[in-house]
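For reference, the structure is listed below as structure tokens.
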Amino acid sequence: MSAPTASTVTGGRADAAAGHRPVEFDTLDAWELNPKVALRPEPFGALLYHFGTRKLSFLKNLTVVGIVQSLREADSAEAALLAAGITPAQRPLYLQALGALAESGMIIRREPATPDA
């Protein structure tokens, strides 16, 4: 298996807004569910509600739900994808989903942990 490479996803409808800078989703970065977002598991997947923007998103894929939930503990998004068993053929679909969640602010880059002084 080859070493993971950075994959970025940019673009989307939000880019059309004047002055909007797209979020780059880099799989080598650490990500987490935005603290302003609630994730509610449902039989079909999950509901995400952003309390800041009041946006509601539906995750209709249980694997995506699992990846989003695992981001907080994973060293990187790449590690979360690998732990979920995402194959190279499946990768574009999951990168698109995670990129859209990053673009909408549902997931955010996780700040590195600061060592206790």
Side-chain angles (χ1 to χ4, degrees):
M1 179 174 225
S2 62
T5 57
S7 297
T8 56
V9 177
T10 60
R13 288 176 280 171
D15 292 345
H20 178 73
R21 184 173 172 199
V23 172
E24 271 195 24
F25 179 76
D26 188 334
T27 61
L28 298 181
D29 287 342
W31 293 81
E32 66 183 343
L33 191 64
N34 188 327
K36 295 179 181 179
V37 172
L39 184 149
R40 186 173 90 185
E42 295 287 342
F44 61 82
L47 293 173
L48 294 176
Y49 181 75
H50 193 299
F51 288 94
T53 63
R54 299 176 66 180
K55 285 186 180 180
L56 180 65
S57 294
F58 297 86
L59 298 182
K60 298 178 186 174
N61 180 310
L62 293 174
T63 303
V64 173
V65 175
I67 292 169
V68 168
Q69 290 174 320
S70 73
L71 286 173
R72 182 73 182 118
E73 302 302 320
D75 291 336
S76 65
E78 185 68 39
L81 290 165
L82 290 171
I86 302 305
T87 67
Q90 297 169 317
R91 198 174 164 82
L93 176 68
Y94 290 93
L95 291 177
Q96 180 182 14
L98 293 172
L101 291 172
E103 182 66 28
S104 65
M106 296 293 187
I107 62 172
I108 58 172
R109 280 187 181 82
R110 189 174 71 227
E111 297 298 321
T114 54
D116 292 334

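Throughout, residue positions are numbered sequentially from 1 according to the sequence presented.
- In this structure, Glu24 does not pair ionically with Arg109, as no charged nitrogen and carboxylate oxygen lie closer than 4.0 Å.
- Cluster annotation: Met106 is connected to Leu93 through the hydrophobic network of ILVMFWY side chains, with a link wherever side-chain heavy atoms come within less than 4.5 Å.
- Contact between Ala89 and Pro92 at its shortest, heavy atoms only, is O-CD, 3.6 Å.
- Here the side chains of Phe51 and Val37 are not in contact, with every heavy-atom distance at 4.5 Å or above.
- For Ser70, the side chain to side chain contact (heavy atoms under 4.5 Å, CB included) test picks out Ala80, with sequence neighbours left out.
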Report, one line per pair, each donor and acceptor closer than 3.5 Å where one atom sits in a side chain of residues 52-59; sequence neighbours left out.
unit_1: Thr53; atom_1: OG1; unit_2: His50; atom_2: ND1; d: 3.4
unit_1: Thr53; atom_1: OG1; unit_2: Lys55; atom_2: N; d: 3.3

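- The two residues Asn34 and Gly105 have their closest heavy-atom pair at ND2-O, 2.9 Å.
- When the side chain to side chain contact (heavy atoms under 4.5 Å, CB included) test is applied to Asp75, no partner is found at least two apart in sequence or on another chain.
- To the nearest 0.5 angstrom, Glu73 atom CD is 10.0 Å from Glu32 atom CD.
- With rounding to the nearest 0.5 angstrom, the CG atom of Leu71 is 9.5 Å from the OG atom of Ser76.
- Of all heavy-atom pairs between Trp31 and Asp26, the closest is NE1-O, 3.0 Å.
- For Ala30, the side chain to side chain contact (heavy atoms under 4.5 Å, CB included) partners are Arg110, not counting sequence neighbours.
- Taking 4.5 Å as the limit, some side-chain heavy atom of Ile107 sits within range of a side-chain heavy atom of Phe25.
- Within the structure, side-chain hydrogen bond (donor to acceptor under 3.5 Å, both in side chains) contacts touching residues 39-49 (residues at least two apart or in different chains) are Arg40-Glu42.
- Counting only heavy atoms from C-beta outward, the side chains of Phe44 and Leu62 never approach each other to under 4.5 Å.
- Clustering of Ile, Leu, Val, Met, Phe, Trp and Tyr by side-chain heavy atoms under 4.5 Å joins Ile108 with none of the others.
- Residues Ile67 and Ile86 have side chains in contact (heavy-atom distance under 4.5 Å, counting atoms from C-beta outward).
- Rounding to the nearest 0.5 angstrom, the gap separating the CG atom in Leu98 from the OG1 atom in Thr27 is 9.5 Å.
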### Candidate pair Leu39 and Leu33, rule side-chain contact (heavy atoms from CB on, under 4.5 Å), full reasoning
CA-CA 8 Å; Leu39 184 149; Leu33 191 64; 3.9 Å; yes
